[in-house]
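Below is one structure, written out as structure tokens; comments come after it.
Predicted model, so just to flag it, every value in this text is computed and none were measured. Just follow the structure's listing: the first ligand is 1, and inside any ligand the first atom is 1.
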Amino acid sequence: FKQAEKYRREFLGNVSHELKTPIFNIQGYIETLIDGALYDREVNLKYLKRTSKSVDRLIYIIHDLESIAQLDSDEINLEFSSWNLKYLIEEIIEQFEMKANKKKIELIHDHKTTSVFVKADKDKISQVLYNLISNSIKYGKRNGTTRISCHQSKSYCLVIVKDNGIGIAEKNINRLFERFYRVDKSRSREQGGTGLGLAIVKHILEAHDQKINISSKLGKGTQFSFSLNYSDVVN
Ligand code: ADP
């Protein structure tokens, strides 16, 4: 019980800390505008854009907190259905086209391996894939690649998201799935990270009774993989 209380307090502390930064930034920009910058055509738009960015950041954080809260409550209603993994991956990759292009990262979908019917909560697994692919771009190197594939073994399939980005040092790997943990705080923030993405991924896969694995080499790249059950209806 004490442990849970300590955990709860730590979590609340982290949440308010995360919210503080964008709120103080917004306050600063608005005050600067009020103090005269509004009429300075050189800077007014710049401050408004920064304000808008901080508001976006607040929205990301709230959105992730909502996901965590929902996953935390006992009422995670997973809605299992059968669907083809390939089409979900295609949909998600499409959403990342612009971000990937900006960093000249190539998203490679090995669709020959992903055409398989799985049984899982599609929306939730969509979130898992979204977070993993998003990370592969956020922590990817310019001109790098992210490869999404699936290894089909007899009893389950293993979805693999592999990048050749900055990688993670071994000593940091076992903390990655903790809420708000980041290897490099400023890099994560600069990329729009909340530190909650992998915690959400882990939650969702645990609710599915599935595992997530990671292997990474600093400076070389990272591979996340997770298992899914085949659908027994369509295959
Ligand atoms: P964030 O919002 O900071 O990206 P996550 O929970 O998604 O939070 O990830 C936690 C941390 O794990 C990140 O801040 C980053 O340091 C590290 N990380 C996650 N994915 C990758 C990756 N593909 N390559 C390198 N580092 C990663």
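- Side-chain atoms of D56 and S54 form no donor-acceptor pair, as typed in the model, at a separation below 3.5 Å.
- At the top of the distance list for atom 26 (N) of ligand 1, counting protein heavy atoms only, stands I168 CG1, 3.3 Å.
- In this model, a donor atom of one side chain and an acceptor atom of the other lie less than 3.5 Å apart for H109 and T114.
- Of the N and O atoms on the side chains of E18 and T194, not one donor lies less than 3.5 Å from an acceptor on the other residue.
- Under a 4.0 Å criterion applied to the non-hydrogen atoms of G197, ligand 1 contributes the atoms 5 (P), 6 (O), 7 (O).
- When the heavy-atom distances from atom 2 (O) of ligand 1 to T194, L218, T222 are ranked, the shortest goes to T194.
- Among protein heavy atoms, atom 3 (O) of ligand 1 sits closest to S188 OG, 2.6 Å.
- Protein heavy atom nearest atom 5 (P) of ligand 1, with residue, atom name and distance: L198 N, 3.6 Å.
- Side-chain contact check for N172 and Y181: at least one donor-acceptor pair (N or O, by modelled atom type) lies under 3.5 Å.
- Polar contact check, Y181 against ligand 1: no nitrogen or oxygen pair lies under 3.5 Å apart.
- No donor-acceptor pair under 3.5 Å is formed between the side chain of Y156 and the backbone N or O of L228.
- If you check which protein heavy atom lies closest to atom 19 (C) of ligand 1, you get N135 ND2, 3.5 Å.
- Atoms of ligand 1 found under 4.0 Å from any heavy atom of K138, numbered from 1 in the order shown, are 1 (P), 2 (O), 4 (O).
- Closest to atom 16 (O) of ligand 1 by heavy atom, among V161, V201, V183, I137, is V183.
- Annotation: atom 17 (C) of ligand 1 to nearest protein heavy atom, L176 CD2, 4.0 Å.
- What sits closest to atom 4 (O) of ligand 1 on the protein, heavy atoms only, is Y139 OH, 2.7 Å.
- Geometrically, R179 engages F11 in a cation-pi contact, judged by NZ or CZ lying under 6.0 Å from the ring centre and within 45° of the ring axis.
- For ligand 1, the atoms lying closer than 4.0 Å to a non-hydrogen atom of G193 are 1 (P), 2 (O).
- For Q223, the side-chain hydrogen bond (donor to acceptor under 3.5 Å, both in side chains) criterion is met by no residue, not counting sequence neighbours.
- Side-chain contact between I133 and I92: present, with at least one pair of heavy atoms (C-beta onward) separated by less than 4.5 Å.
- Counting only distance, with no hydrogens or angles, the side chain of R147 and the backbone of N164 share no donor-acceptor pair below 3.5 Å.
- Taking the six-membered ring where tryptophan is involved, the planes of F177 and F224 are perpendicular, since the angle between them exceeds 60° and thus also 30°.
- Members clustered with V43: Y29, L33, L38, Y39, Y47, L48, by chain and number, using a 4.5 Å side-chain heavy-atom cutoff among hydrophobic residues.
- Of the N or O atoms in G167, none lie within a sub-3.5 Å distance of an N or O in ligand 1.
- Looking at D163 against ligand 1, only its side chain comes within 4.0 Å, counting heavy atoms.
- Proximity to G195 (heavy-atom distance under 4.0 Å) selects the following atoms of ligand 1: 1 (P), 2 (O), 3 (O), 6 (O), 8 (O).
- Of all the heavy atoms of F177, none lies under 4.0 Å from any atom of ligand 1, so neither backbone nor side chain is involved.
- Below 3.5 Å of separation, one finds no N or O of I166 facing any N or O of ligand 1.
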